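Have a look at the structure below, then the notes.
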Amino acid sequence: MIKLLLPDGSSRMVENWISGKELIGGLETALKKEVVCLKVNGELKDLDTQLPADAEVSLVRRSDPEALEVLRHSAAHIMAQAVKRIFPAAKLAIGPAIENGFYYDFDLPRPLTPEDLTVIEGEMKKIIKEDYPFTHRLVAKEEALASLRQAGEKYKEELVAELEDGEISFYQQGEFSDLCRGPHLPSTRYLKAFKLTSIAGAYWRGDSSREMLQRIYGTAFFSREELDHYFKLLAEAARRDHRKLGREMDLYSTDDQIGPGLILWHPKGGRIRQVIEDFWREEHRKNGYEIVYTPHLGRRSLWETSGHLGFYQENMYAGMEVEGQEYLIKPMNCPFHIAIYQSRSRSYRDLPFRWAELGTVYRYERSGVLHGLLRVRGFTQDDAHIFCRPDQMPEEIDRTLAFCLAILKAFGFKDFKLYLATRPEKSVGAEERWAAATEALRAAIEKTGLPYAVDEGGGAFYGPKIDLKIKDALGREWQCSTIQFDFNEPERFDLSYKGSDSQDHQPYMIHRALLGSLERFFGILIENYEGAFPLWLAPVQAVVLPVLPANLDYAGEVYDWLRAKGIRVELDSRNEKIGYRIREAQVQKVPYMLVVGSKEAETGQVAVRTRKEGDLGACSREELLARMEKEIREKS
RNA sequence: GCCAGCGUAGCUCAAUUGGCAGAGCAGCUGAUUUGUAAUCAGCAGGUUAUCGGUUCAAGUCCGAUCGCUGGCUCCA
């Protein structure tokens, strides 16, 4: 018997030896229309699949996440069919569904232009109208190889050659056939709302030494509304783009004279950075860290000892010669913190050390990867290194993770996802140390109760790590924080401490960054808040707006008073109408606009207008200050 | 670095097939005396990213360089 699980939680027993189509034939029409494919014993299958005996079957409906994947995968096939019709010489590579849509990689006789996308879309619409069923067939491996070879599909041939011997799964719609595991939509007509979005280059199999293919990206949804919503979201992201806001709000810039990926923090960006740094230092002090400062350069031999010249050289700037010695600019701070550790002998009683530094590093990033503040060549890490004994290690990890979450929460981030990255194949360090460290990381993660995933073999070669991703206001994920063990450098620098047994022991060394880099974090903050920073971060917290030049004296008095109270306040006394100056303050996302005219001058009050709530009417200066100070304190 | 696209005033964008580089905003000057999202007028602003080539003539066509954008590889 086949057990059919229905969406309402009930189940139905059905006779064996029927196909999926027959199975859903008995369902009510409304539900039947919703079904895209089936899940048979947990595996996605086409509707026209022959069901095995005694299977457990559930329906995949349009609203299920798997359905969207199937839709997009089928959309990729339809696109490939259209491309083949337009470019018969096109060779197919791969075409999966991805997070926000799908793509297909092609080897084409000429570069694509944006106009081609319109033509391909048109052909796709024809294919959809022609309503070909997606049919599944199994072909013997040898036969598949032969036919692909004959068709000149060398990429597909390469893929099939690597599959296990036996039957190879193909899907066909109309004249188009493609190697594919499936499943697919019942027919091409099911694709209703789609759009091709961009063309990009992509290496065959992601390998930069292999052919560069042309990738076409597209997206698809079950309804027009969902498609429109997706494009609205993209427009929203464009509005928040930190590169655009950074220029409009005069926060930062880059300059061709200086070079790409090198950031100029303007005064307003600088104010925000200073607030972040002051907060960061104070929190670190409270959490038992000591602040250290280290140079920007070090001798070649330092980087030889650390191993960076071996595994990181391609990201380091070329050295410079000084008095016959070669110096290199630092891409990381750790060797310097290690040098502090080595500056004297260390006892087990001294540990743990928690040394933090806002350390500016320079890394050569290939030109194509640079992106605003998010990917740069010079940046300041909020770095720290913890040196501790094995018995202290689990607690240090706990503390670090808790501290990390507290800091991120202060900046308004509430959604976190953790990734535990374990030992990769190529790695250094003793097995017991890896096991102990990985367990401590796992235990710390589980203590937080937050969702996490294990990235098997995703650790650095020198140690396991936790990567923490935050979700911003648009639901986009960003990685800032990382907590990493290092079994490499303590060994290379031969770090030790004297134990209670009078023997030398190697300390655990943990690298951690909470914000990651100040540049990247700043970029994320701009996008998260759409430039409308909460009061504690706002570069200009309030602007005083005299209604008339006659009110300038009183406006100056208000301005001086707030300034003296530590508020970042500006005075806009330009010869413009009050509406004009309010608009400008609003556009610049200033949280408080303080309108002062003759009425206020007489009563000693200020008329308060906030960015969020508009005109709030007049109140005393003290009331205003109390309100602002509360808002600053609560970081709201 | 690779693939594709792009680069015109501080910003956003115009400029038929190659035929006199223009507008709005911002800036400056003046007028206006203003009460919660843009007052009016005038002025100024350019080696069309840079260098080279084709042409009677190049913002426009070709080449190189630099930079930017979207991807790929890599990553805080």
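This one's a predicted model, so the numbers in the text were calculated from it and none came from an experiment. First the proteins, then the strands, lettered A, B, ... as listed; each starts at 1. These values consider heavy atoms only, across backbone and side chains, with no hydrogens, waters or symmetry-generated copies.
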In chain order, what residues pass the side chain to side chain contact (heavy atoms under 4.5 Å, CB included) check against [X], with sequence neighbours excluded?
{"X": "A:Phe194", "result": "A:Glu121, A:Met124, A:Lys125, A:Ile128, A:Leu191, A:Ala220"}
{"X": "A:Val275", "result": "A:Trp536, A:Leu537, A:Arg568"}
{"X": "A:Ala460", "result": "A:Tyr462"}
{"X": "A:Val587", "result": "A:Arg583"}

To the nearest Å, how far apart are [X] [atom1] and [N] [atom2]?
{"X": "A:Phe106", "N": "B:G71", "atom1": "CZ", "atom2": "P", "value": "19 Å"}
{"X": "A:Arg210", "N": "B:C74", "atom1": "CZ", "atom2": "P", "value": "15 Å"}
{"X": "A:His242", "N": "B:A76", "atom1": "NE2", "atom2": "C1'", "value": "13 Å"}
{"X": "A:Trp280", "N": "B:A76", "atom1": "CH2", "atom2": "P", "value": "18 Å"}
{"X": "A:Glu314", "N": "B:U73", "atom1": "CD", "atom2": "C1'", "value": "11 Å"}

According to side-chain hydrogen bond (donor to acceptor under 3.5 Å, both in side chains), does anything in residues 523-535 of chain A pair up with another residue at least two apart or in another chain? List the pairs.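 Only A:His242-A:Glu527, A:Arg476-A:Glu527 qualify under side-chain hydrogen bond (donor to acceptor under 3.5 Å, both in side chains).
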For A:Asp467, check salt bridge (Lys or Arg N to Asp or Glu O under 4.0 Å) against everything at least two apart and list the hits.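 Partners of A:Asp467 under the salt bridge (Lys or Arg N to Asp or Glu O under 4.0 Å) test: A:Lys465.
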When every nucleotide of nucleotides 36-46 of chain B is labelled 5' to 3' by its protein contacts under 4.0 Å (heavy atoms), B for base, S for sugar-phosphate only, - for none, what sequence of letters results? BBBB-------
Its contact letters, B for base, S for sugar-phosphate only and - for none at protein heavy atoms under 4.0 Å, make nucleotides 2-14 of chain B read BBS------SS--
Check ion pair A:Arg611-A:Glu631 (N to O, under 4.0 angstrom):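 No.
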Are A:Glu396 and A:Arg512 close enough for a salt bridge, meaning some N to O gap below 4.0 Å?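 Here A:Glu396 does not pair with A:Arg512 in a salt bridge, since their nearest N and O are not under 4.0 Å apart.
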Determine the interatomic distance between [atom1] on [N] and the same-named atom on [M]; round to the nearest Å.
{"N": "B:C11", "M": "B:G30", "atom1": "C1'", "value": "25 Å"}
{"N": "B:G63", "M": "B:A58", "atom1": "C1'", "value": "15 Å"}
{"N": "B:U60", "M": "B:G53", "atom1": "C1'", "value": "15 Å"}
{"N": "B:G70", "M": "B:A64", "atom1": "C1'", "value": "24 Å"}
{"N": "B:U48", "M": "B:C61", "atom1": "P", "value": "16 Å"}
{"N": "B:A41", "M": "B:U36", "atom1": "C1'", "value": "26 Å"}
{"N": "B:U54", "M": "B:G45", "atom1": "C1'", "value": "32 Å"}
{"N": "B:A9", "M": "B:C28", "atom1": "C1'", "value": "15 Å"}

With both pairing distances under 3.5 angstrom for Watson-Crick or G-U wobble, and | for a partner in another strand, the correct string for RNA chain B is (((((((..((((.....[..)))).(((((.......))))).....(((((..]....))))))))))))....
Using a distance-only test with no angle check, is there a side-chain donor-acceptor pair under 3.5 angstrom linking A:Tyr592 and A:Arg627?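 A pair is found: one side chain offers a donor N or O, the other an acceptor, under 3.5 Å apart.
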Using a cut-off of less than 4.0 Å, is there contact between a side-chain N or O of [X] and OP1 or OP2 of [N]?
{"X": "A:His371", "N": "B:G70", "answer": "yes"}
{"X": "A:Arg243", "N": "B:U69", "answer": "yes"}
{"X": "A:Arg574", "N": "B:C28", "answer": "no"}

Contact residues, residues 460-485 of chain A to RNA chain B [heavy atom, < 4.0 Å]: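 Within residues 460-485 of chain A, the residues near RNA chain B are A:Gln479, A:Cys480.
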Can you list, by residue number, the residues of residues 374-384 of chain A that have a non-hydrogen atom closer than 4.0 angstrom to RNA chain B?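 Correct list: A:Arg375, A:Val376, A:Phe379.
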A:Gln381 versus A:His511: any side-chain heavy-atom pair under 4.5 Å?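 Side chain of A:Gln381 against side chain of A:His511, heavy atoms only: no contact under 4.5 Å found.
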Report yes if some heavy atom in the side chain of A:Glu158 is under 4.5 Å from a heavy atom in the side chain of A:Arg205; otherwise report no.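 Yes - at least one pair of side-chain heavy atoms lies under 4.5 Å apart.
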Working for side-chain hydrogen bond (donor to acceptor under 3.5 Å, both in side chains), residues A:His296 and A:Thr360: CA-CA 7 Å; A:His296 289 72; A:Thr360 303; 4.5 Å; no
Determine, stepwise, if the pair A:Phe387 / A:Trp355 fulfils ring pair (Phe, Tyr, Trp, His ring centres under 6.0 Å). CA-CA 9 Å; A:Phe387 300 89; A:Trp355 292 335; 5.6 Å; yes
If you look at every strand shown and take non-hydrogen atoms under 4.0 Å, does [X] touch a base, only sugar-phosphate, or nothing?
{"X": "A:Tyr217", "value": "sugar-phosphate"}
{"X": "A:Arg215", "value": "sugar-phosphate"}
{"X": "A:Gly206", "value": "sugar-phosphate"}

Could you tell me how the ring of A:Phe411 sits relative to the ring of A:Phe521: parallel (under 30°), tilted (30 to 60°) or perpendicular (over 60°)?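 The arrangement is perpendicular - the two ring planes meet at more than 60°.
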Is the NZ or CZ atom of A:Arg72 both under 6.0 Å from the centre of the six-membered ring of A:Phe102 and within 45° of that ring's axis?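 Not satisfied by the 6.0 Å and 45° rule.
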Does the separation of the ring centres of A:Phe336 and A:Trp303 fall below 6.0 angstrom?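 Ring-ring flag for A:Phe336/A:Trp303: true, centres closer than 6.0 Å.
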For A:Asp615, give me all partners under side-chain hydrogen bond (donor to acceptor under 3.5 Å, both in side chains), at least two apart in sequence or on another chain.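 side-chain hydrogen bond (donor to acceptor under 3.5 Å, both in side chains) check on A:Asp615 returns nothing, list empty.
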